[in-house]
Amino acid sequence: MKEKLIDLLTKSVNSLTDDFDSSQMLIERPKLLAHGDFSTNIALTLAKSLKKPPREIAQLIIDHLDESEVFEKIEIAGAGFINFYLNNKALTSIIQNILKHQERYGSNTSGQNEKIQIEFVSANPTGPLHVGHGRGAAIGDCLARLFEFSGWQVTREFYYNDAGAQIDNLTKSVMARCNHIDPSDSTFPEDGYRGDYIKEIADLYLNKQKVVCEGITIQSNGDINDEELIKKFSVATLRNEQDKDLAAFNVKFDTYTLESSFYESGAIDQVVDTLINNQLTYTKDDALWLKTTKFGDDKDRVMKKSDGAYTYFIPDVAYHLNKWERGFKRVINEQGADHHSTINRVRAGLQGLQKNIPKGWPEYVLHQMITVMKNGEEVKISKRAGSYVTLNDLIDEVGCDATRYFLVARRPDSQLVFDVDLAKAQSNDNPVYYIQYAHARIEAVLNQSGEQLTKLNQDHGYQYQTEAEKSLIKKLSEFPDLVYLACMELAPHQIANYLKDCAAEFHSYYNDSKFLVDEKQTKLGRLSLIYATQQVIKNGLRLLGISAPNKM
RNA sequence: GCGCCCGUAGCUCAGCUGGAUAGAGUACUUGGCUUCGAACCAAGGGGUCAGGAGUUCGAAUCUCUUCGGGCGCGCCA
């Protein structure tokens with residue numbers, strides 16, 4: 001529809017002037033129904049070069065427009081906007097188009113089946129997932145769904161930092177608990193993790209339990225001095241916990257990659273050798289440095305510490321090289337904004353390998369921190385202090401659907417305040433129920449209609465004329481564009497907001513019109529509209545990973 | 001001090017590549033169920049889009065600047 005309009009307008013304008021850059025032409029969907037179904041500013045942008053008043057140009061464009069069967073009327077408004085109003089045939093075809101494509105309505109093939117990897121959550125296996133990880137999980141998973149819907153071959157990946165200093169801290173913490181050292185005790189490891197879950201792991205270990213992670217069984221022997229075993233046991237236990245939480249959050253991953261695997265495969269040594277060979281390193285203070293400033297970083301970074309261990313970012317570079325070698329031309333990393341400084345380093349390290357990896361690769365979506373409020377006070381999230389708002393708690397108390405909606409409905413880069421009491425107390429006022437209610441309400445009407453649903457996608461000849469009807473149809477027709485945009489802009493929150501608007505249009509229509517009327521044509525016409533609405537809501541909710549219940 | 005993000009209604013937040021009268025939820029005040037699901041709808045009040053300057057037909061949106069908040073700036077990840 002839009003393409004057709006662009007085509008018509010371009011032809012018209014070309015007959016008026018040779019000097020026309022079609023990129024200046026903006027076709028939009030006006031917010032107000034009174035401004036039509038489509039609108040263009042073209043006359044305004046041409047005013048200067050043609051040296052004529054915009055409204056006069058607008059009239060000329062309309063005069064030169066090829067007759068189209070799609071529009072009921074075309075008018076000039078305001079400073080020189082041209083507004084297009086769809087006729088009934090076009091409105092009906094929008095509905096029929098939705099009913100024809102069903103669960104594929106809104107999808108597109110812009111991805112051309114290219115591979116894309118989305119890495120998200122990637123929490124360290126040092127504690128349960130908290131609300132911040134939940135935000136990452138919700139955003140990352142919705143992005144993945146958006147890309148799938150846009151014709152991409154998506155791989156969801158989770159990266160475990162199971163090597164490095166934080167794992168040593170974890171191990172020491174569990175060992176301390178095995179020795180019955182309380183976190184308040186002065187001999188408890190200074191950088192240790194103090195949460196109660198550490199004690200639970202220690203108890204399991206002391207009771208000689210076994211833990212199975214990714215098919216590998218780790219059997220505790222209860223030996224409180226077996227550091228290596230305690231490490232493996234703790235990491236495996238926590239990974240299982242995290243996987244369980246994610247499963248409860250309706251998030252699944254295709255692949256898991258372990259930081260330790262790059263040590264074992266020698267990939268890290270290779271990266272270091274390459275960087276040394278490319279003469280991008282130097283030694284200072286007994287440490288090995290990488291000249292990341294050559295690639296836009298604000299200072300050089302230590303690769304290898306004076307004690308011989310690598311800093312975290314070398315494994316990160318090796319990991320991303322691995323992603324590149326796996327053939328992902330697009331990689332999106334979803335992570336918390338507190339990690340934003342790694343972006344430059346990872347990209348710099350990759351450039352330093354001189355393997356023709358694009359400068360802006362990989363892409364990043366950063367979500368801002370969440371302030372958690374409880375009992376009117378801010379809860380500081382700190383794994384080390386053991387104060388927590390776990391994702392698991394939220395799912396238990398607020399529900400998976402509501403939690404997902406809440407965490408994905410805001411722009412990733414807005415700092416959001418998650419008031420736990422409010423989310424619990426007002427769970428019935430959560431917008432997600434408003435949307436689901438629309439879906440269930442339509443289901444109830446369709447059930448009582450006594451009509452075969454397959455009859456609804458035949459031409460019934462009904463005239464859509466009320467504001468509520470036109471406004472709802474317009475909203476439904478925007479869905480495919482919106483999906484495309486949300487995907488391009490890596491902004492899944494737009495889907496959430498759209499669904500709320502869409503549900504509002506429906507509820508408004510519901511109170512405005514009766515569907516189950518005697519007059520057959522009216523009944524079929526209206527039912528097909530709400531049937532299409534239900535389909536769009538269902539498709540949208542699926543993109544958010546939220547259920548679309550028929551009853552609630 | 002330097003870098004990134006943000007500042008929109010009392011509160012929580014939308015506002016698409018600059019467009020027409022800046023929107024929604026919540027809270028507050030009213031009205032609407034003997035008939036398709038009231039977890040709903042309709043109406044009302046509530047704004048210096050943090051302040052200032054610039055760019056242009058046109059700015060919440062782009063640029064600069066001041067102020068305010070968050071995050072990062074480690075041989076932690």
Side-chain angles (χ1 to χ4, degrees), chain A residues 23 26 28-32 34-35 39 41 44-45 47-48 53-54 77-81 83 122 124 126 161 163-167 169 191 259 284-289 297-299 301-313 315-316 336-344 366-369 371 406 409-419 422 426 428-431 433-434 436-438 440-449 478 481-482 485-486 488-489 491 493-494 496-498 500-501 503-504 506-517 526-527 530 551-552:
Chain A
S23 67
L26 183 71
E28 51 171 14
R29 332 283 300 234
K31 286 177 205 155
L32 297 176
H35 294 152
S39 163
N41 65 340
L44 292 166
T45 60
K48 212 171 194 178
F81 293 98
N83 296 335
S122 293
N124 290 340
T126 54
N161 289 102
Q166 80 284 1
I167 296 298
N169 286 333
D191 292 327
E259 181 185 4
K284 193 179 90 180
D285 302 331
D286 294 329
L288 187 65
W289 295 68
D297 204 355
D298 52 353
K299 51 179 121 170
R301 306 289 166 180
V302 171
M303 295 164 58
K304 196 176 189 178
K305 299 186 266 184
S306 50
D307 67 4
Y310 294 115
T311 56
Y312 71 93
F313 101 93
D316 271 4
D338 53 340
H339 287 80
H340 80 249
S341 61
T342 65
I343 297 175
N344 274 339
L366 300 181
H367 64 259
Q368 291 292 322
M369 303 290 95
T371 306
F406 199 90
R410 268 92 157 156
R411 258 168 45 246
D413 56 11
S414 74
Q415 295 160 220
L416 74 84
V417 176
F418 198 122
D419 188 324
L422 204 69
Q426 297 199 335
N428 266 4
D429 290 329
N430 191 307
Y433 296 106
Y434 180 81
Q436 290 178 322
Y437 181 53
R441 216 178 188 189
I442 291 169
E443 184 67 22
V445 176
L446 292 175
N447 276 339
Q448 289 164 60
S449 70
E478 290 169 7
D481 281 355
L482 182 95
L485 257 180
M488 291 286 291
E489 295 176 5
H493 72 281
Q494 292 183 8
N497 290 318
Y498 169 83
K500 202 177 68 182
D501 291 347
F506 163 72
H507 286 308
S508 190
Y509 180 40
Y510 182 93
N511 279 64
D512 178 76
S513 307
K514 257 183 102 55
F515 311 117
L516 304 182
V517 294
R526 290 179 178 174
L527 284 177
I530 63 168
K551 273 185 190 168
M552 49 193 294

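Order of the sequence lines fixes the chain letters, A, B, ..., with proteins taken first and strands second; residue numbering starts at 1 for each chain.
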Nearest-Å distance for atom pair CG/P, residues A/Asp298 and B/C73
11 Å

Answer with base, sugar-phosphate or nothing: what part of the nucleic acid does A/Asn161 contact at a heavy-atom distance below 4.0 Å?
sugar-phosphate

Between A/Ala409 and A/Asp307, just flag the one whose closest nucleotide in RNA chain B comes earlier from the 5' side.
A/Ala409

Check: A/Val445 and A/Ile530 side chains under 4.5 Å, non-hydrogen atoms:
yes

Side chain of A/His339 - closest among B/A77, B/C13, B/G70:
B/A77

Would you mind classifying the nucleic acid contact of A/Asp316 as base, sugar-phosphate or nothing, using non-hydrogen atoms under 4.0 angstrom?
nothing

Complementary nucleotide of B/G23, counting Watson-Crick and G-U pairs under 3.5 Å:
B/C13

Distance in angstrom units between A/Asp413 CG and B/C5 P, rounded:
8 Å

Could you tell me which nucleotide pairs with B/A38 by Watson-Crick or G-U wobble geometry, both distances under 3.5 Å, or answer none if nothing does?
none

Summarise protein proximity over nucleotides 15-20 of chain B in one line of letters, 5' to 3': B for base, S for sugar-phosphate only, - for none, counting protein heavy atoms closer than 4.0 Å.
SBB-BB

Considering only the P atoms, how many Å lie between B/C49 and B/G23, rounded to the nearest integer?
14 Å

Rounded to the nearest Å, what distance is computed from the CG atom of residue A/Asp338 to the C1' atom of nucleotide B/C76?
12 Å

Rounded to whole angstrom units, what separation is found between the OH atom of A/Tyr310 and the C1' atom of B/C76?
18 Å

Base, sugar-phosphate, or nothing for A/Thr311, non-hydrogen atoms under 4.0 angstrom?
sugar-phosphate

Tell me whether the side-chain N/O atoms of A/Lys299 come closer than 4.0 Å to OP1 or OP2 in B/G74.
yes

Pairwise C1' distance, B/C16 and B/A27 [rounded to whole Å]
29 Å

Have a look at A/Ala287 and say if it touches a base, only the backbone sugar-phosphate, or nothing, with a 4.0 Å heavy-atom cut-off.
base

Name the nucleic acid region contacted by A/Leu416, choosing base, sugar-phosphate or nothing; use a 4.0 angstrom heavy-atom cut-off, strictly under.
sugar-phosphate

Taking the P atom in each of B/U66 and B/A60, what is the distance between them to the nearest angstrom?
22 Å

With the side chain counted from C-beta on, respond yes when A/Leu527 and A/Leu516 share a heavy-atom pair under 4.5 Å apart, and no when they do not.
yes

Assign A/Ser513 to base, sugar-phosphate, or nothing according to its heavy-atom contacts below 4.0 angstrom with the strands shown.
base

Heavy-atom check, side chain of A/Asp285 versus side chain of A/Val302, under 4.5 Å:
no

Taking for each residue the nucleotide of RNA chain B with the nearest heavy atom, is it A/Ser414 or A/Lys304 whose nucleotide lies nearer the 5' end?
A/Ser414

Taking atom CE of A/Met552 as the centre, does the number of heavy atoms from other residues, nucleotides or ligands within less than 6.0 Å exceed 12?
yes

Heavy-atom side-chain proximity of A/Ile167 to A/Glu259 below 4.5 angstrom:
no

Quick one: look up who B/A50 pairs with, Watson-Crick or G-U, both distances under 3.5 Å, and put none if it's unpaired.
B/U66

For B/G70 versus B/U8, give the span between their P atoms, rounded off to a whole number of Å.
15 Å

Tell me if the centroids of the rings in A/Phe515 and A/Tyr509 come within less than 6.0 Å of each other.
yes

Under a 3.5 Å limit for both distances, which nucleotide forms a Watson-Crick or G-U wobble pair with B/C75, could you say?
none

Answer yes or no: is there a side-chain heavy-atom contact under 4.5 Å between A/His507 and A/Tyr437?
yes

What integer number of Å spans the C1' atoms of B/A14 and B/C6?
15 Å

Integer-rounded Å distance: B/C41 C1' and A/Tyr509 OH:
15 Å

Restricting both atoms to N or O, compile the protein contacts to nucleotides 37-39 of chain B shorter than 3.5 Å, with distance only.
residue, atom, partner, partner atom, Å
B/G37, OP1, A/Gln448, NE2, 3.0
B/G37, OP2, A/Gln448, NE2, 2.8
B/G37, O2', A/Tyr437, OH, 2.6
B/G37, O2', A/Arg441, NE, 2.7
B/A38, OP2, A/Arg441, NH2, 2.4
B/A39, N6, A/Met552, O, 3.4

Nearest-Å distance, CZ (A/Phe515) to P (B/C36)?
12 Å

Using the C1' atom as the reference point in each nucleotide, state the distance between B/G7 and B/U12 in Å, no decimals.
14 Å

Lys/Arg cation over aromatic A/Phe313: A/Arg301, 6.0 Å, 45° cone:
no

Assign the ring pair A/Phe406 / A/Phe418 to parallel, tilted or perpendicular, where the plane angle (0 to 90°) is split at 30° and 60°.
tilted

If you measure from the P atom in B/U55 to the same atom in B/U63, how many Å do you get, rounded?
16 Å

Could you work out the separation of B/A22 and B/A59 based on their P atoms and round it to a whole Å?
12 Å

Kindly say if A/Thr371 contacts the phosphate of B/U12, meaning a side-chain N or O under 4.0 Å from OP1 or OP2.
no

For A/Asp286, does the CG atom sit with more than 12 other heavy atoms under 6.0 Å from it, leaving out its own atoms?
no

May I ask you to evaluate whether A/Lys500 reaches the phosphate of B/C13, defined as a side-chain N or O under 4.0 Å from OP1 or OP2?
no

B/G3 OP1/OP2 closer than 4.0 Å to side-chain N/O of A/Ser341
no

May I ask you to decide if A/Gln494's main-chain N or O and A/Glu489's side chain share a donor-acceptor pair within less than 3.5 Å?
no

Can you check the A/Gln415 CD to B/C4 P distance for me, whole Å?
16 Å

Counting only side-chain heavy atoms from C-beta out, which of B/C36, B/C5, B/A77 sits nearest to A/Gln368?
B/C5

Length of the NZ-C1' vector between A/Lys514 and B/C41, whole Å:
15 Å

Which atoms form the tightest heavy-atom contact between A/Leu366 and A/Gly336, and what is the distance?
CD2-O, 4.0 Å

